[in-house]
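Chain letters run A, B, ... following the sequence lines, proteins first, then strands; residues in each count from 1.
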Amino acid sequence: MSTLPPSTPSELSLDDLKNLVGDCLEEARRQGATGSEVGLSIESGLSVSARLGEVETVEHHRSRGLGLTAYLGQRKGSASTSDLSPKAMKETVEAALRIARYAAEDPCAGLPDPELLAQDCENLDLYYPWPILPQEAMALAIRCEDAARGVHPDIRNSEGAALNTFEGIRVMGNSLGFLHGYASSRHSLSVSVIGERDDQMQRDDWWTVARDARDLQAAEAVGQEAAQRALRRLGARSLSTRQCPVIFAADIASSLLGHFIGAIRGGNLYRKSSFLLDYLGKPVFPDFVHIEEQPHLLKALGSVPYDAEGVRTTPHHLVRAGVLESYVLSTYSARKLGMRSTGNAGGVHNLIIEPGPDNLEGLMKTMGTGLLITELMGQGVNLLTGDYSRGAQGFWVEQGIIQHPVEEITIAGNLKDMFQGLVAIGNDVDLRGNTRTGSILLEQLTIAGN
Amino acid sequence: MTLDAQTIAHEVLLTPTGLAPSDLDGVMQQLLRPGIDTADIYLQATRFESWGLEDGIVKEGSHSIDHGVGIRAVSGEKTGFAYSDDMTLPALLEAAGSARAIAHQGQEGRQEIKTETPRVELYLPIDPIDSLCEVDKIALLKRLDSESRALDPRVEQVFVSLSGSHEVILVMGQDGALHHDVRPLVRLNVSVIVEHEGRREQGSYGGGGRTDYRYFLDGDRASEYAREAVRQALVNLDAEEAPAGSMTVVLGSGWPGILLHEAIGHGLEGDFNRKGTSAFSGRVGEKVASPLCTVVDDGTLPGRRGSLTIDDEGTPTTSTTLIENGILKGYMQDKLNARLMGVSPTGNGRRESYQHLPMPRMTNTYMLAGPHDPEEIIRSVKKGLYARNFGGGQVDITSGKFVFSASEAYLIENGQLTRPIKGATLIGNGPDVLTRVSMVGNDLAFDTGVGTCGKDGQSVPVGVGQPTLKVDSLTVGGTRVQD
């Protein structure tokens, strides 16, 4: 594994891309747009997969894309292209303006408030290119899978291991004078293996991801974790239908926070399609719950200096002492609600729920008897009503001790009750994604089984 | 007068960059070095547009153009792949160089088994984006908005979306034959939110296919989408808590066929079976369903969303029998997995775009009609659930466990539909759920053209269908624990 100090991806420099964005903004102005916004990205990468000790695929990625939103007063149109030639750029502007001419006047449409735009582009330490050769990547993927397969003879098959490395530059500009860009990288290693015992097959996986390859978990550790996870599922059976407390393991607890964010996102609020309408300033969670957005953490996977519209991002609380303090708003949804953008066009950036004092074992002891959920299936979540019903897998727990693996059950409840019924948050925080949470213990859900 | 598909494909993909078919031959010769068993060159150009209405106005639209070439070289079970959005000869040669580097691994391959399926055109080579003028597109959206609102005073919000795409491909296999396809696709959707006494519920309905926008103006079709969206939303206003536990479930005809897609379809894709990672691996010839069940994957239905004249490897699509009278018959194959398993490709090699590798995917997956009257099926249930509409689903192909989520469902009590219940997820085990099918309706219907299937991060349009089905026991994920 070799790494080089941060630099910029070759081929097209940041300045070249800024010039292209400037050209596109100028073309839009020339064609009569009263305002415009342009995003341009280039990305390159390598994906290598190996299965049963042999290389399976080697994929070389290289892509480019330009997206434009053009305004004619309060009318808006968007267009995108993968072709960055002057001719394609001109046609893209024409396509966006053609749509704008037919779109209706919308009083809330338009570029962000100028005073909310980021003044500069803070360096958040997101770019660590990894010039790994295909042969080295293959060797690493094979080592990872070998480690998984070597854990136990019951690991009899594999879906393979994959190494992915991507780097790119994204530049944004608008006709208010905003023009910034930065490079970033993302590397990951994952493996999925299958355990087999008594005619039952169970698959599970593990993965590691980082901006900097030196921060990846060791290949062997990733493999061993995947194998242990597949093995512990062997012998799974259903449960009888019941109501009981439930723990969402840290790596899937983030989905609960995802539903919370969905319900306080501006688009769902102004469309009145959220179960958390008019909750600003009111308790959504118990008083020990604090949720914040930390968009400027160095090297973090969700970090951005500004949002998808160029609005500066700022660390802030969404929930303090259980009370909802902020919605998640873009410029448009904020105007629809008579509010100001929270810098969340494109989503939230590093969402963090404050961990409690206990690890997963401690949470299981607190729970006593109940279900530890380690995998969820399906999309049975209704953000309009909060109704929640999903397939699940996990472990039955009695007196704080795992009894046996569980499968072919569903869990159901209503998210509003689930949030209010949050009992504890673990300190076993999963740092791999855009959401950082420990395991979460809920008071009660309905389990449907055999 | 429309141009023929082949002329369109050459004009869109070759003419602008000055590429000739002989240039592609040259690239193919570069690819087919010693150690490479098969290779293909895939050129694609896609144009897409969408329009959206909310708050009674068409407030946005978008348009995108994407084109490029994907080059693949296969050596044994190893695949090298590179793509470029630059469709010039030097870019193709560079991508070919990257892709064929896989051959250094060297391995003995197997011969490809050819298919003799004739090519049948399943749709016209039209560009749907130009089939209506912008004024008429907007008028359609606004009409559906006012029709939805006029249906019931409880309708609070209406969202209408219209999208169309025009995809042109050329694919050359190692035999040098150049296959073309021009694929139109349109989709229209109406979603509403209704409100009554402080309670809000939603309903959504739509459709589409490989045709142009005038399809929606045909008869009453678009208005029917609006009526159906409003009807579903109003039903849900009265829905009670869903029961939890194992019970008899009657599935409606049409889109509930997502059961087949999740429970058995994915498990019968060739790649999982070659690797032995599917719960159906090695089970051809075994009984996996009741004798009432015959299930096919058929890419040859004219104009349907999941249909393709040729797949993304140039193989004409076919109708593949997956289960016949309860017995597992075969798998869906792309070229790679067919070759490695020593069988013929079935025209199921699909890819999201030139930036992705093909793999075995479903087209239109459905169950043939059976002998029973749907009314009789419901009458036969003393206590159970009737699920008429569904959202999405998911499967773990290794354990066989699958879920799909009902969005409109009713309690059946003493053979009658009584009360509507809230949406709930249903969970089952793929290899045995169909063994519990005890009645199959005579009312085979297909979905209206709304399905999108995701696998390994790649999305492709698909279709499903089934008659009304009775499953003697399936786990229903409601909140109400029964006594």
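With a threshold of 4.5 angstrom between heavy atoms, B/Glu201 approaches chain A through its backbone and through its side chain. At a 4.5 Å heavy-atom cutoff, B/Val74 makes no contact with chain A through either its backbone or its side chain. Only the side chain of A/Arg51 comes within contact range of chain B, with heavy atoms under 4.5 Å apart. Only the backbone of B/Phe402 has a heavy atom closer than 4.5 Å to any heavy atom of chain A. Of the two parts of A/Ile409, only the backbone, made up of N, CA, C and O, holds a non-hydrogen atom closer than 4.5 Å to a non-hydrogen atom of chain B. Looking at A/Arg75, there are no atoms closer than 4.5 Å to chain B (heavy atoms on both sides), in backbone or side chain. Contact of A/Leu234 with chain B is not made at all, since no heavy-atom distance falls under 4.5 Å. For A/Ser274, the part lying near chain B is the backbone, with the side chain staying farther off; criterion is any non-hydrogen pair under 4.5 Å. For chain A, no part of B/Ser191 is nearby; none of its heavy atoms comes within less than 4.5 Å. Using a 4.5 Å cut-off between heavy atoms, A/Glu105 contacts chain B through its backbone alone, with no side-chain atom that close. Heavy atoms closer than 4.5 Å to chain A are found in the side chain of B/Ile397, but not in its backbone.
Interface remark: of the candidates B/Ser246, B/Ala244, B/Gly400, B/Ala95, B/Ala244 forms the most heavy-atom pairs closer than 4.5 Å to chain A. The candidate from A/Gly65, A/Gly67, A/Ser158, A/Ala104 with the greatest count of non-hydrogen atom pairs under 4.5 Å with chain B is A/Ala104. Among the candidates A/Leu68, A/Asn414, A/Asp106, the residue making the largest number of heavy-atom pairs closer than 4.5 Å to chain B is A/Asp106. Most heavy-atom pairs under 4.5 Å with chain A, from the set B/Ser405, B/Ala99, B/Gly245: that is B/Gly245. In terms of non-hydrogen atom pairs under 4.5 Å with chain B, the most contact-rich of A/Leu384, A/Asn450, A/Thr57 is A/Leu384. If you tally non-hydrogen atom pairs under 4.5 Å between each of B/Ser407, B/Ala82, B/Ser84, B/Ala406 and chain A, the highest count goes to B/Ala82. Taking chain A as the reference chain and counting heavy-atom pairs below 4.5 Å, the highest number among B/Arg72, B/Glu60, B/Lys422 is found for B/Lys422. The choice from A/Ser389, A/Ala88, A/Ala448 that makes the most heavy-atom pairs within less than 4.5 Å of chain B is A/Ser389. For the set B/Ala242, B/Ser50, B/Gly428, the entry with the most heavy-atom pairs within less than 4.5 Å of chain A is B/Gly428. Here B/Gly477 is the residue among B/Pro243, B/Gly478, B/Gly391, B/Gly477 with the most heavy-atom pairs under 4.5 Å with chain A.
To the nearest 0.5 Å, atoms OG (B/Ser281) and CG (A/Asn157) are separated by 8.0 Å. A/Asp387 CG to B/Thr425 OG1: the interatomic distance, rounded to the nearest 0.5 Å, is 11.0 Å. Atom OG1 in B/Thr277 sits 5.0 Å away from atom CD1 in A/Ile194 (nearest 0.5 Å). Between B/His356 atom NE2 and A/His61 atom NE2 the span is 8.5 Å, to the nearest 0.5 Å. Of the inter-residue distances, the one linking B/Thr79 atom OG1 with A/Glu59 atom CD reads 8.5 Å to the nearest 0.5 angstrom.
Closest heavy-atom contact between A/Ala103 and B/Lys59: CB-O, 4.2 Å. Heavy atoms only, all atoms of each residue included: B/Arg200 and A/Thr385 are closest at O-CG2, 3.6 Å. For A/Met377 against B/Lys401, the heavy-atom pair with the smallest separation is CE-O, 3.2 Å. Across all non-hydrogen atoms, the minimal contact from A/Asn382 to B/Gln202 is OD1-NE2, 3.4 Å.
Applying the salt bridge (charged side-chain N to carboxylate O under 4.0 Å, His left out) definition to pairs two or more places apart or across chains, those involving residues 63-72 of chain A are A/Arg64-B/Asp85.
For the side-chain contact (heavy atoms from CB on, under 4.5 Å) with B/Thr398, the lone residue among A/Glu159, A/Gln200, A/Gln202, A/Arg233 that qualifies is A/Glu159. With B/Asp55 as the partner, the salt bridge (Lys or Arg N to Asp or Glu O under 4.0 Å) test is satisfied by one option alone out of A/Arg271, A/Lys336, A/Lys272: A/Lys336.
With a 4.5 Å cut-off on side-chain heavy atoms, A/Asp83 and B/His67 count as touching. Taking 4.5 Å as the limit, every side-chain heavy atom of B/Ser399 sits out of range of all side-chain heavy atoms of A/Arg203. Contact of the A/Tyr102 side chain with the B/Val135 side chain is registered, since non-hydrogen atoms from C-beta on lie closer than 4.5 Å. B/Thr479 has its side chain out of reach of A/Tyr388: every pair of non-hydrogen atoms, C-beta onward, lies at least 4.5 Å apart. Side chains of A/Thr92 and B/His63 form no contact here, defined as non-hydrogen atoms less than 4.5 Å apart. Residues A/Val55 and B/Ile102 form a side-chain contact, since some pair of their non-hydrogen atoms from C-beta on lies under 4.5 Å apart. The shortest distance between side-chain heavy atoms of A/Glu54 and B/Lys78 falls below 4.5 Å. Side-chain contact check for B/Val481 versus A/Arg242: every heavy-atom pair is 4.5 Å or farther apart.
Aromatic ring centres of B/Phe81 and A/His60: separated by at least 6.0 Å.
Counting heavy atoms of neighbouring residues, nucleotides and ligands inside a 6.0 Å radius, atom NZ of B/Lys455 exceeds 12 of them.
The residues A/Glu56 and B/Lys275 are annotated as salt-bridged, a charged nitrogen and a carboxylate oxygen being separated by less than 4.0 angstrom.
Looking at B/Asp66 and A/Ser82, their side chains do bring a donor and an acceptor atom within 3.5 Å of each other.
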Dump the intermediate steps for salt bridge (charged side-chain N to carboxylate O under 4.0 Å, His left out) on A/Arg62 and B/Glu94, then the final yes or no. CA-CA 12 Å; A/Arg62 188 189 293 174; B/Glu94 191 192 331; 3.3 Å; yes
Please lay out, stage by stage, how A/Gln379 and B/Phe404 fare under the test side-chain contact (heavy atoms from CB on, under 4.5 Å). CA-CA 8 Å; A/Gln379 305 89 32; B/Phe404 57 140; over 6 Å; no
